[in-house]
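Here is the structure we will look at.
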Amino acid sequence: MQRRDFIRMSSAVASAALLGPTLAGCSRPAEWQRMMTEAPATETPTVCNICFWACAAKVHTRGERLWKITGNPEDAHCEGRLCTRGTGGVGAYYDPNRLVRPLVRMGKGADQRFEVASWDNALGLVAERMEKIAREHGPDRLAALVHGPGAAHFSHLVRAFGSDSIAEPAFAQCRGPRDTGFFLTFGQGFGSPEQTDMAKARCIVLIGTHIGENLHNSQVRTFTDGIRNDATIIVVDPRFSVAAGKANHWLPIRPGTDIALLLAWMNVILAERRYDAGYVARNTVGLEALCAHVAPFTPEWAYGETGIEPALIRETARLMAAAAPATVVHPGRHSTWWGDDTQRARAMAILAGLLGIWGREGGYYLPESVALPAYPVPAYPVPKTSWREIALPVFPLAGAPVTNVILDNAHGADAHYKGLIVYDTNLPMTMPGIRRTLEAAAQSLELIVAVDVQPAEVTGYADVVLPECSYLERHDPLRNSGERYPALALRAPALPPRGESKPGWWIAREIGTRLGLGRYFPWTDYTEVIDWQLRQVGSSLKELETTGIRAFPRRTPAYFAPGETPRFATPSGKIELFSATLQQAGFDPLPRYTRPEAPPADHFHLNYGRAPQHSFSRTQNNPVLYQLMPENLVWIHPTAARRFGIRNGTYVRLVNQDGVVSNKVRVRVTERTRPDSVWLVHGFGHTAPGLSLARGRGADDSALMTRVLYDPIMGGTGMRGNFVTFRKENA
Ligand SMILES: Nc1nc2c(c(=O)[nH]1)N[C@H]1C(S)=C(S)[C@@H](COP(=O)(O)OP(=O)(O)OC[C@H]3O[C@@H](n4cnc5c(=O)[nH]c(N)nc54)[C@H](O)[C@@H]3O)O[C@H]1N2
Ligand SMILES: Nc1nc2c(c(=O)[nH]1)N[C@H]1C(S)=C(S)[C@@H](COP(=O)(O)OP(=O)(O)OC[C@H]3O[C@@H](n4cnc5c(=O)[nH]c(N)nc54)[C@H](O)[C@@H]3O)O[C@H]1N2
Ligand code: SF4
Ligand SMILES: [Mo]
């Protein structure tokens with residue numbers, strides 16, 4: 001693909017919208033024609049929920065039919081455009097497999113049979129079991145695993161109940177190591193959306209971070225802006241990713257050796273005095289210790305570990321230093337890779353500190369959100385045991401609750417946790433190596449509730465399954481993320497909920513009321529909360545129902561002033577190149593490189609990531625997105641394919657180091673993967689019987705991740721230490 005094709009791709013994706021109507025319950029052209037000419041058109045604001053980039057959008061309906069979803073042109077965050085998946089959100093509404101009635105498990109554990117229940121009975125059962133847990137063990141023994149904007153409703157419920165054990169997979173399975181590494185260095189994690197100033201950068205460094213396949217809408221566009229502006233693009237990826245195809249320099253690194261490369265880059269930048277001396281002197285501590293630490297890690301040394309030529313290491317180090325501070329060292333997002341991930345994030349953060357890019361134009365801008373007051377409710381009770389008492393003895397610097405720690409303490413008779421609420425997260429496909437633990441938890445916990453929109457794998461472990469309506473049919477908390485331009489965005493219902501499905505806010509309030517926690521839910525409709533909040537900042541629900549978005553002026557500048565000496569929220573008030581916090585907790589205060597394990601004979605690194613058409617494991621059954629990509633392919637290098645006698649287009653099964661065998665998966669023989677690795681897009685290989693389109697299609701990377709490399713600092717579940725070999729299919 002040419003560079004230009006990549007730029008065009010980001011506008012071409014809108015064509016997915018055209019697929020909507022034909023697939024979306026209106027397959028007769030005449031009926032469609034009548035609807036388009038006769039039915040009144042309406043437009044309702046929403047915030048896309050197909051991934052967590054949260055683009056503001058408009059939902060267009062014709063009569064009672066959903067017509068299309070388009071980007072909100074007023075939203076600076078998405079610049080008025082949606083990606084493939086966002087326009088394909090139509091399929092999330094029309095999916096015939098959606099959950100539309102509450103379900104209650106008939107047996108326990110492995111018994112998969114459920115019966116349909118009334119809302120009253122299902123909610124009554126949840127409240128009764130929660131009360132029993134509170135009475136017999138204490139309310140702090142209930143935990144929640146949640147994701148997405150609707151998670152706020154269930155966090156609120158669980159906090160009001162008396163527990164703070166509420167974890168998101170966005171921490172220990174995704175951004176946790178990155179945010180911990182940056183927090184230790186700059187006193188602040190990297191938010192979402194990422195504060196990278198790529199449109200103005202002169203140099204962009206991507207380490208993994210497969211932008212273009214990782215399709216976070218406006219991130220792709222700012223990256224393409226950078227390309228268009230002739231920024232130097234440096235991509236470090238063992239695979240020839242889409243982004244690598246746009247790079248001036250592609251560094252096909254040996255998997256798991258990034259810290260070696262980062263140390264060598266710092267070695268060059270320090271030895272050749274190419275760092276931002278003024279910024280470093282004003283704003284950092286630990287330069288001397290860092291210099292001594294990186295001195296042995298020359299490009300020649302790094303060559304032996306990474307396979308990257310010393311001359312290329314030197315050249316790329318010089319390029320990023322020459323462009324600084326207009327250099328983006330992208331910190332990545334999904335950072336739970338090899339188990340030493342906080343240290344890799346630290347190495348990136350330290351490099352960013354040396355280049356002086358935090359708070360600088362073309363580097364990292366300073367994000368700002370709207371100062372939006374929370375709706376007044378009584379203070380939450382103080383939990384008898386906090387999540388910290390359970391997690392910190394194992395992972396001392398976990399800055400947020402850790403999903404895997406909660407599940408590790410949720411099975412067996414003497415388990416700390418006795419009940420679990422799961423909202424908007426598909427645990428068996430999201431958390432590596434968790435299936436046995438989940439089964440044990442399903443046997444021994446007194447209550448597992450799953451709130452979901454479809455009969456995903458996780459619902460099979462629940463005692464009670466509560467059907468949430470889709471994001472197109474509900475209100476949720478206002479979007480208020482840290483951005484370049486602060487703004488609030490509204491998600492409002494464009495259609496009535498399908499079947500008996502209900503919005504999350506309603507479900508949480510109904511459970512709360514049944515538990516006698518009504519004072520925490522002093523509203524009959526969530527619009528009262530939204531309207532109250534908007535009025536505090538000079539707007540109203542009425543305004544947002546028309547515009548969908550309200551922008552606010554920034555209160556502080558997006559960059560530091562020249563020569564400014566800001567106070568960072570670290571113990572020293574400076575950027576900590578050397579981390580005394582890590583040292584005190586018994587960890588390396590400066591990043592140390594450890595060589596990753598090589599694949600055993602006849603085995604290959606299991607590499608995985610994203611495709612533009614799908615999000616995680618949530619979209620494979622969406623009829624629109626299914627059409628765009630019905631199954632994943634396993635990428636195999638020609639040398640490996642030859643050696644195993646595997647032909648392009650045939651099916652194989654993957655067998656991991658522990659003997660776990662995957663679904664059959666179609667082969668793509670390509671030089672874009674390394675000879676020692678295979679590549680799979682995450683989210684396929686569904687096993688849930690109720691997912692009629694997705695079930696049995698493609699291979700599930702999570703099932704093959706039986707070996708988890710835990711990050712000792714914060715509990716991240718490193719997923720890249722798994723190896724596979726092939727079993728040929730006879731079919
Ligand atoms: N279409 C789509 N886009 C998405 C999502 C989605 O579900 N669908 N999810 C979003 C979310 S929440 C996240 S967290 C992001 C995830 O996307 P990223 O944050 O970009 O994920 P990474 O794991 O950094 O990137 C995967 C790349 O890392 C490379 N890689 C593998 N091993 C190594 C290694 O040892 N070193 C180096 N340098 N590279 C390596 C792989 O070859 C692959 O190209 O995507 C976001 N965007
Ligand atoms: N093997 C492997 N594991 C991974 C990753 C990987 O690349 N490979 N990526 C990791 C990353 S970066 C992340 S961020 C996490 C993401 O992890 P998750 O957030 O768990 O992602 P999904 O797999 O999309 O699961 C979402 C679940 O929510 C349901 N759902 C969708 N929309 C709604 C809604 O509106 N309301 C409710 N109540 N439910 C809804 C879906 O049906 C599905 O069951 O996964 C992590 N785990
Ligand atoms: S990036 Fe795409 S899927 Fe994600 S919120 Fe935006 S439009 Fe939706
Ligand atoms: Mo993620």
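Count residues from 1 along the sequence. Remember, it's 1-based here, ligands and their atoms both numbered in the order they're listed.
Protein N/O/S atoms closer than 2.8 Å to atom 4 (Fe) of ligand 3: C51 SG.
Evaluation of the salt bridge (Lys or Arg N to Asp or Glu O under 4.0 Å) rule for E194 yields R178, R333 as partners, not counting sequence neighbours. Shown here are the side-chain hydrogen bond (donor to acceptor under 3.5 Å, both in side chains) partners of R509, two or more places apart in sequence or in another chain: there are none.
In terms of polar-atom proximity, S702 is counted as a contact of ligand 2, with an N or O under 3.5 Å from an N or O of the ligand. Of the polar atoms of V451, at least one N or O is found under 3.5 Å from an N or O of ligand 2, judged by distance alone.
Under 4.0 angstrom from ligand 2, there are no non-hydrogen atoms of T459.
Heavy-atom contacts of T430 reach the following atoms of ligand 2: 3 (N), 4 (C), 15 (C), 17 (O), 18 (P), 20 (O), 21 (O), 23 (O), 45 (O), 46 (C), 47 (N) (cutoff under 4.0 Å).
Ring geometry for Y526 against W505 counts as parallel: the plane angle stays under 30°, on a 0 to 90° scale with 60° as the upper cut.
Of all heavy-atom pairs spanning S692 and N621, the tightest one is N-OD1, 3.5 Å. Taking all atoms of both residues into account, the shortest heavy-atom contact from T459 to D452 is CG2-CB, 4.0 Å.
The cationic group of R498 lies under 6.0 Å from the six-membered ring centre of Y93 and within 45° of the ring axis, placing it in a cation-pi geometry.
The residues lining ligand 1, counting any heavy atom closer than 4.0 Å, are R85, C174, I207, G208, T209, H210, E213, N214, L215, H216, V236, D237, P238, R239, I253, P255, G256, D258, R333, H334, W337, W338, N607, R610, A611, P612, H614, S615, F616, W679, R720.
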